[in-house]
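To start, the structure itself, in structure tokens.
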Amino acid sequence: MTGYILRRLLYGALILVGVNLVTFVLFFAVNTPDDMARLSIGGQRVSADAIEKWKVERGYDKPLFVNAAREGVSKYTDTIFYQRSLPLLTFDFGAADSGRDIGREIRARMGPSLALAVPTFALGLFASIVFALALVFFRTTRLDFWGVVLCVIMLSISGLFYIIAGQWIFAKVLRLVPYSGFAGGLDMIKFLALPVAVAVISRLGSEARFFRSLFLEEIGKDYVRTARAKGLAERTVLFRHVLRNAMLPILTGSVSALPLLFMGSLITESFFGIPGLGSYTLDAISAQDFSVVRAMVFLGSALYIVGLILADISYTLADPRVRFE
């Protein structure tokens with residue numbers, strides 16, 4: 001098991017190096033620093049002096065990989081790749097194009113993102129599993145039929161509809177919660193109640209339908225028929241046997257998504273004015289702050305790799321028969 005984890009960590013490190021190289025090529029070779037300057041300043045008719053000044057202020061006036069004007073080690077260290085890309089491998093995100101420290105912004109915005117993402121993840125997973133088990137318990141009945149119809153309708157509706165409708169009904173008409181914003185302490189609950197509820201409802205249809213299919217597949221297997229033949233109640237069969245054996249595919253999506261909770265939600269945080277990493281990334285895209293975008297892409301890749309490793313490890317906890325040699 002230890003050797004397997006070490007190999008996965010090594011593969012993950014190699015993948016991060018590849019992600020770093022690909023993003024560098026996309027941001028600095030395909031989209032040159034001159035293009036960045038034009039997009040940031042605005043317009044195609046920008047003077048060469050303005051472009052050069054913008055590049056000098058942000059350190060983009062250096063060569064990409066090799067600085068022929070230098071000698072020795074500085075020939076390779078006095079380059080954009082060494083100064084702006086290699087530090088990402090040590091999670092040194094440097095400064096944004098606006099001048100602010102990216103690492104400090106990430107640490108400050110991680111809390112609001114987690115405050116929104118953790119309840120959404122936990123409540124959404126719980127609601128989806130309970131709803132799916134209820135449909136399986138009442139399978140081949142009208143309740144199951146209309147429950148599946150409701151799931152299809154819910155997953156067919158865009159998440160933006162839930163956000164706009166929730167804000168209009170509960171914030172504008174009923175005035176039960178604030179329209180948007182964020183605060184610390186206990187006041188956080190009233191600001192997060194609506195976005196959490198909207199996020200849970202928007203994912204309920206697709207997840208409940210997927211979990212229902214998993215549970216129905218398990219119900220048709222021999223061990224379930226054996227459990228029923230021994231006289232176990234249907235409720236016991238569902239919770240002790242079906243749910244436990246269906247946890248492997250559930251863990252695949254759930255555990256691997258845990259590290260990504262730090263990244264926040266682009267749409268939800270932006271619409272509800274939550275100062276998390278999701279809105280931070282979207283604001284950086286809108287402001288053409290390429291340093292922040294590259295840092296968030298790299299951070300998201302690292303967290304996704306960690307999530308996949310955690311999912312593999314969790315297999316052994318859910319099913320003792322699974323062992324990695």
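Along the sequence shown, residues are numbered consecutively beginning with 1.
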Quiz item: Are Y223 and V136 connected, step by step, through hydrophobic side chains (Ile, Leu, Val, Met, Phe, Trp, Tyr) whose heavy atoms are closer than 4.5 Å?
Solution: yes
Practice problem: Indicate whether the side chain of S128 and that of R203 have a donor and an acceptor atom separated by less than 3.5 Å. | Solution: no
Self-check item: Side chain Q83, main chain K62, donor-acceptor under 3.5 Å
Solution: no
Practice problem: Of all the heavy-atom pairs spanning S180 and G273, show the shortest one and how long it is. | Solution: CB-N, 4.1 Å
Quiz item: Would you say N67's side chain and D78's backbone share a donor-acceptor pair under 3.5 angstrom?
Solution: yes
Quiz item: Is it the case that one hydrophobic cluster holds both V297 and V17, taking links as side-chain heavy atoms less than 4.5 Å apart, direct or via other members?
Solution: yes
Quiz item: Same cluster for I102 and L89 if Ile/Leu/Val/Met/Phe/Trp/Tyr side chains link at under 4.5 Å?
Solution: yes
Quiz item: Should L232 and R240 be marked as a side-chain contact (heavy atoms from CB on, under 4.5 Å) after you check the CA-CA gap, both sets of side-chain angles, and the distance that decides it?
Solution: CA-CA 10 Å; L232 294 180; R240 285 190 180 180; 5.8 Å; no
Self-check item: Single-linkage hydrophobic cluster L155~L135, side-chain heavy atoms < 4.5 angstrom
Solution: no
Self-check item: A199 to T120 - nearest heavy-atom pair and separation
Solution: CB-CG2, 3.3 Å
Practice problem: Show the numbers, then the answer: is there a side-chain contact (heavy atoms from CB on, under 4.5 Å) between L10 and L6? | Solution: CA-CA 6 Å; L10 178 60; L6 292 177; over 6 Å; no
Practice problem: Using a 4.5 Å cut-off on heavy atoms from C-beta on, say whether the side chain of P119 contacts that of L192. | Solution: no
Self-check item: Contact check, side chains of V177 and F191, non-hydrogen atoms, under 4.5 Å
Solution: no
Quiz item: Quick one: does S279's side chain have a donor or acceptor within less than 3.5 Å of a partner on I274's backbone?
Solution: yes
Practice problem: Answer whether the closest heavy-atom distance between the side chains of D101 and R107 falls below 4.5 Å. | Solution: yes
Quiz item: For the residue pair P195 and T268, what are the closest heavy atoms and their distance?
Solution: CB-CG2, 3.9 Å
Self-check item: Donor-acceptor contact below 3.5 Å, side chain T23 vs main chain N20
Solution: yes
Quiz item: Is it true that atom CZ of F126 has more than 12 heavy atoms of other residues, nucleotides or ligands lying nearer than 6.0 Å?
Solution: no
Quiz item: Do the two ring centres, one from F298 and one from F91, sit under 6.0 Å apart?
Solution: yes
Practice problem: For the pair V293 and D289, evaluate side-chain contact (heavy atoms from CB on, under 4.5 Å) and give the outcome as yes or no after the intermediate values. | Solution: CA-CA 7 Å; V293 176; D289 198 322; 5.7 Å; no
Quiz item: Do V292 and D283 have side chains that get closer than 4.5 Å, going by heavy atoms?
Solution: no
Quiz item: Shortest non-hydrogen contact from R84 to R294?
Solution: O-NH2, 3.0 Å
Quiz item: What distance separates S270 OG from I163 CD1, expressed to the nearest 0.5 Å?
Solution: 9.0 Å
Quiz item: Any side-chain heavy atom of R8 sitting closer than 4.5 Å to one from L308?
Solution: yes
Quiz prompt | Minimum heavy-atom distance A208-A132, with the two atoms named | solution = O-CB, 3.5 Å
Practice problem: Look up atom CG in L143 and atom CZ in F138, then write down how far apart they are to the nearest 0.5 Å. | Solution: 6.0 Å
Quiz item: Backbone N or O of K75 within a donor-acceptor pair of the T79 side chain at under 3.5 Å?
Solution: no
Quiz item: Ignoring hydrogens and geometry, is there a side-chain-to-backbone donor-acceptor pair from S113 to L277 under 3.5 Å?
Solution: yes
Quiz item: Could you state the interatomic distance from CG (N245) to CG (L214), rounded to the nearest 0.5 Å?
Solution: 11.5 Å
Exercise. Determine, using the 4.5 Å side-chain heavy-atom cutoff (strictly less than), whether L86 and V19 are members of one ILVMFWY cluster.
Key: yes
Exercise. Go through the steps for F272 and L116 under the test side-chain contact (heavy atoms from CB on, under 4.5 Å), then give the verdict.
Key: CA-CA 11 Å; F272 288 99; L116 172 64; over 6 Å; no
Quiz item: Who are the ring-ring contact (aromatic ring centres under 6.0 Å, His included) partners of Y162, not counting sequence neighbours?
Solution: none
Quiz item: Does any N or O in the side chain of E218 come within less than 3.5 Å of the main-chain N or O of A246, such that one atom is a donor and the other an acceptor?
Solution: no
Self-check item: Side-chain hydrophobic cluster, 4.5 Å single linkage: members besides Y11
Solution: none
Quiz item: What pairs with R212 under side-chain hydrogen bond (donor to acceptor under 3.5 Å, both in side chains), at least two apart in sequence or on another chain?
Solution: D144
Quiz item: Between CD1 of I305 and CG of L16, what distance do you get to the nearest 0.5 Å?
Solution: 4.0 Å
Quiz item: Do you know which of I106, L114, L299 makes side-chain contact (heavy atoms from CB on, under 4.5 Å) with F262?
Solution: L114
Quiz item: Would you say T90's side chain and P87's backbone share a donor-acceptor pair under 3.5 angstrom?
Solution: yes
Self-check item: Aromatic plane relationship, F81 with F24 - under 30° parallel, 30 to 60° tilted, over 60° perpendicular
Solution: perpendicular
Quiz item: Any chance CZ of R109 has more than 12 other-residue heavy atoms, nucleotides or ligands included, within less than 6.0 Å?
Solution: yes
Quiz item: Is the count of non-hydrogen atoms from other residues, nucleotides or ligands lying under 6.0 Å from L150 atom CG greater than 12?
Solution: yes
Practice problem: Would you confirm whether R139, through its side chain, and L216, through its main-chain N or O, come within 3.5 Å as a donor-acceptor pair? | Solution: no
Exercise. Please state whether the rings of F215 and F211 are parallel, tilted or perpendicular, taking 30° and 60° as the class boundaries.
Key: tilted
Exercise. Assess whether atom CG of L186 is packed by more than 12 heavy atoms of other residues, nucleotides or ligands within 6.0 Å.
Key: no
Quiz item: Just wondering, do L238 and I219 contact through their side chains at under 4.5 Å, heavy atoms?
Solution: yes
Exercise. Look up atom OG in S202 and atom CD1 in I267, then write down how far apart they are to the nearest 0.5 Å.
Key: 9.5 Å
Quiz item: In Å and rounded to the nearest 0.5 Å, what is the CE to OH distance from M296 to Y280?
Solution: 7.5 Å
